Number of protein chains: 2
Amino acid sequence: MDFVGSVVSGVAALTQTMEDGRTQMVGLLLPSDFAGRPGRDSAAYDVVATTDLVMCCFRKKPFEKMMAETPHIAQRLLQMTLDELDAAREWMLVLGRKTAREKIASLLTIIARRDASLQLHGMAGTLKFTLPLTREAMADYLGLTLETVSRQISALKRDKVIFLEGKRIITIPNFTRLLEEAGDDNDGGMLA
Amino acid sequence: MDFVGSVVSGVAALTQTMEDGRTQMVGLLLPSDFAGRPGRDSAAYDVVATTDLVMCCFRKKPFEKMMAETPHIAQRLLQMTLDELDAAREWMLVLGRKTAREKIASLLTIIARRDASLQLHGMAGTLKFTLPLTREAMADYLGLTLETVSRQISALKRDKVIFLEGKRIITIPNFTRLLEEAGDDNDGGMLA
DNA sequence: CGTATTATTGACCACTTTCAAAGTGAGTGG
DNA sequence: CCACTCACTTTGAAAGTGGTCAATAATACG
């Protein structure tokens with residue numbers, strides 16, 4: 001990886017894989033997210049696009065030079081890295097302590113929020129968005145099997161927490177209900 | 001949290017807790033680790049000492065001032081944060097995809113490595129160290145119950161991967177064997 | 001259309017959890 | 001000094017969640 005850059009549209013995944021093939025997604029790059037590690041040469045993870053993807057890239061060397069010259073940029077980058085760290089740690093709670101159903105609900109919550117902020121509309125009323133991940137990618141993100149993902153999505157549909165059009169388009173009639181299902185009773189004041 | 005600082009001796013844990021009491025450790029602060037988030041006021045997690053703890057602290061305000069004036073420090077901090085991010089992501093693989101036995105072995109691996117680098121000896125031959133965590137703290141780190149932790153430690157002992165003196169002092173006769181048990185067949189060149 | 005990929009569903013099984021009981025050990029006070 | 005207590009740990013049996021294997025269905029694509 002000789003580049004750094006940020007996602008313009010589409011979705012990419014950072015994944016780690018064990019020798020026997022078990023894989024875990026360790027980061028999800030949605031539009032506006034930054035990728036790459038200034039000051040590092042090692043590519044610690046695999047980065048794979050899960051949809052068509054447009055990124056805005058810079059060669060790493062000039063970018064690092066700019067960083068050294070502009071303290072403000074290093075500061076900004078530190079803030080973004082701290083945000084990523086927060087996201088990773090929140091995800092550790094999901095992976096370690098939530099049930100399969102809660103995991104699915106948590107993922108939908110994240111995607112819904114990101115989509116809402118991108119579309120510049122709030123979280124009130126019904127939300128509708130396209131899942132940018134296959135069931136398998138969701139499973140890799142959640143530490144589940146794709147069968148379990150499928151079953152839990154069916155269960156959430158049966159319980160009317162979500163509605164599906166086709167396999168990818170999801171409607172959420174009541175976001176608060178989804179948050180409850182995620183075990184995140186607290187809505188974090190994001191209902192704005 | 002009006003301080004930042006680094007651990008001199010002892011161990012502290014960063015934990016996140018759900019309303020119903022389920023808790024997940026999201027970071028382990030061992031000697032030489034840094035704690036605190038320059039530029040942030042929110043304390044996103046609980047920080048609890050799990051042993052007697054000595055830290056070297058700075059008030060956050062003057063520290064941030066120093067950071068703004070000394071670009072080198074911001075750079076260093078970014079590197080440390082990237083390291084933490086790597087550690088968090090490695091842990092996501094553990095939480096999401098490893099079995100209980102592999103999880104225990106992975107944790108022992110980390111503690112053994114940290115202890116070795118602190119004691120300034122390599123990973124060859126037999127290693128011996130004190131577990132700085134209760135079974136419950138280990139369970140919270142690994143996303144398991146304390147009973148499962150206890151059972152798996154007993155199993156590793158039965159299989160002679162580890163030896164115990166009392167409940168806290170662990171001897172590892174063959175580190176490579178432990179790595180295999182952790183599912184990390186690759187030793188990362190740390191055998192030095 | 002036919003083939004390949006992705007998704008759903010079912011039956012069965014394994015691993016981890018839950019609930020419960022008993023064991024260990026350090027520290028305290030009689 | 002010993003018995004008592006409390007926290008921590010170990011162990012067992014039963015139950016449950018998610019995994020595995022397998023068949024079927026839906027969708028995309030040539």
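The model shown is predicted, which means the values in this text are computed figures rather than measured ones. The sequence lines fix the lettering, A, B, ..., with proteins before strands; numbering per chain opens at 1. Side chains included, hydrogens not; waters and symmetry mates left out as well; all remaining heavy atoms used.
The NZ atom of A:Lys98 sits 14 Å away from the P atom of D:dG18 (whole-angstrom rounding). Regarding A:Asp20, its CG atom lies at a distance of 11 Å from the P atom of D:dT20, rounded to whole Å. The distance between atom CE of B:Met138 and atom C1' of D:dC8, rounded to the nearest whole Å, is 13 Å. Distance, A:Arg168 CZ to D:dT27 C1': 11 Å, rounded to whole Å. Separating the CD1 atom of A:Ile104 from the C1' atom of C:dT8 is a distance of 14 Å, rounded to the nearest angstrom. Between A:Ile153 atom CD1 and D:dA26 atom C1' there is a gap of 15 Å when expressed in whole angstrom units. One atom, CD of A:Glu147, and another, P of D:dA23, lie 14 Å apart when rounded to the nearest Å. One can place CG of A:Leu142 at 10 Å from P of D:dG19, the figure rounded to the nearest angstrom.
Nearest-nucleotide mapping onto DNA chain D: of B:Arg135 and A:Lys167, the residue sitting toward the 5' end is B:Arg135. Two residues, A:Leu146 and B:Thr145, neighbour DNA chain C, and the one matched to the more 5' nucleotide by heavy-atom proximity is A:Leu146. Place A:Arg151 and B:Ala100 on DNA chain C by their nearest nucleotides, and A:Arg151 ends up nearer the 5' end.
You'll find the side chain of B:Val11 stays beyond 4.5 Å of the side chain of B:Leu53, heavy atoms only. Between B:Lys98 and A:Met18 there is a side-chain heavy-atom pair separated by less than 4.5 Å. Annotation: side chain of B:Trp91 is in contact with side chain of B:Tyr141 (closest heavy-atom distance under 4.5 Å). Side-chain contact between B:Asp46 and B:Thr23 is absent, with no heavy-atom pair separated by less than 4.5 Å.
In this structure, B:Ser150 reaches the bases: a heavy-atom distance under 4.0 Å links it to at least one base atom across the strands shown. Nucleic acid contact for B:Arg101: none, since no nucleic acid atom lies under 4.0 Å from a heavy atom of the residue.
Side-chain N/O atoms of B:Arg168 and B:Thr134 include no donor and acceptor closer than 3.5 Å.
Summary for the helix from C:dC1-D:dG30 to C:dG30-D:dC1: the axes at its two ends, each from 5 pairs, differ by 30° when rounded to the nearest 10 degrees.
Phosphate contact (OP1/OP2 of C:dT9, side-chain N/O of A:Ser154, threshold under 4.0 Å): present. A sub-4.0 Å separation between OP1 or OP2 of D:dC8 and a side-chain N or O of B:Thr134 is absent.
Counting all heavy atoms, side chain and backbone alike, A:Pro173 lies closest to A:Lys160 at CG-O, 4.1 Å.
Note: B:Leu156 CG to B:Ile162 CD1 = 5.0 Å, rounded to the nearest 0.5 Å.
Nearest to the side-chain atoms of A:Leu144 among the listed nucleotides D:dG19, C:dA7, D:dT9 stands D:dG19.
Between the side chain of B:Glu136 and the base of D:dC8, no donor-acceptor pair of N or O atoms lies under 3.5 Å.
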